[in-house]
J.: 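Here's a structure for you.
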Amino acid sequence: MNSPIKLDPSLKKATGLGVGTSQARGSKETAKTAASTSTQAPATDSVHLSAQAQTLTQTGGTGAPFDTKKVEEIKAAIAEGRFTVDPEKVANGLLDTVSDLIQSRKK
């Protein structure tokens with residue numbers, strides 16, 4: 001059984017002082033540097049989108065890469081228990097994919 005961890009109450013009095021900071025070490029020079037850098041504006045990050053990404057965001061991604069109607073039909077068939085898997089078709093598709101991968105590595 002784990003026993004509760006007891007915290008030293010004196011740690012509560014030292015809020016805002018991180019371990020290893022200039023203030024915690026008591027260095028006046030580094031404390032001045034830390035104070036002057038804290039008034040500077042924070043650094044900002046920027047992101048640059050490719051032309052393709054910009055096009056997709058402008059069109060709202062409306063060009064679905066798949067047939068949504070077909071997906072809904074398949075979902076309904078699965079829910080109703082009408083969906084059957086043709087193992088030969090799956091195997092042929094898998095073989096085609098593997099063949100394509102092998103051909104692309106040879107190039």
Side-chain angles (χ1 to χ4, degrees):
M1 182 171 184
N2 294 336
S3 61
I5 298 174
K6 294 182 182 178
L7 299 177
D8 184 1
S10 65
L11 292 175
K12 291 181 181 179
K13 295 177 186 175
T15 59
L17 297 179
V19 176
T21 64
S22 59
Q23 295 162 337
R25 287 189 231 128
S27 169
K28 290 181 182 178
E29 187 62 36
T30 52
K32 288 180 187 176
T33 305
S36 68
T37 57
S38 67
T39 59
Q40 294 176 355
T44 59
D45 293 328
S46 63
V47 175
H48 300 283
L49 297 177
S50 68
Q52 183 179 15
Q54 290 174 357
T55 302
L56 287 173
T57 56
Q58 290 170 354
T59 61
T62 55
F66 55 89
D67 185 357
T68 54
K69 184 177 179 182
K70 181 71 172 175
V71 171
E72 291 303 319
E73 289 173 3
I74 292 171
K75 281 183 178 181
I78 291 171
E80 296 168 3
R82 297 182 289 111
F83 186 78
T84 58
V85 177
D86 183 356
E88 187 174 330
K89 189 173 182 179
V90 172
N92 287 335
L94 181 59
L95 289 173
D96 290 342
T97 302
V98 170
S99 178
D100 290 344
L101 289 172
I102 290 170
Q103 293 300 323
S104 66
R105 283 193 167 192
K106 288 183 180 180
K107 294 179 183 179

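Side-chain atoms are counted along with the backbone in the values below, which use heavy atoms only and exclude waters and symmetry mates.
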J.: Applying side-chain hydrogen bond (donor to acceptor under 3.5 Å, both in side chains), can you list everything that pairs with Arg105, at least two apart in sequence or on another chain?
T.: none
J.: Nearest 0.5 Å, what's the CD1-OG1 distance between Ile78 and Thr84?
T.: 10.5 Å
J.: Distance from Arg82 atom CZ to Ile74 atom CD1, nearest 0.5 Å?
T.: 11.0 Å
J.: Distance from Asp100 atom CG to Leu95 atom CG, nearest 0.5 Å?
T.: 11.0 Å
J.: Treating Ile, Leu, Val, Met, Phe, Trp and Tyr as nodes and any side-chain heavy-atom pair under 4.5 angstrom as an edge, say whether Phe83 and Val90 lie in one connected cluster.
T.: yes
J.: Transitively linked via ILVMFWY side-chain contacts under 4.5 Å: Leu94 with Val85?
T.: no
J.: Do Leu49 and Val47 make a side-chain contact, defined as non-hydrogen atoms from C-beta onward lying under 4.5 Å apart?
T.: yes
J.: Atom CD of residue position Glu88 - does it have more than 12 heavy atoms of other residues, nucleotides or ligands inside 6.0 Å?
T.: no
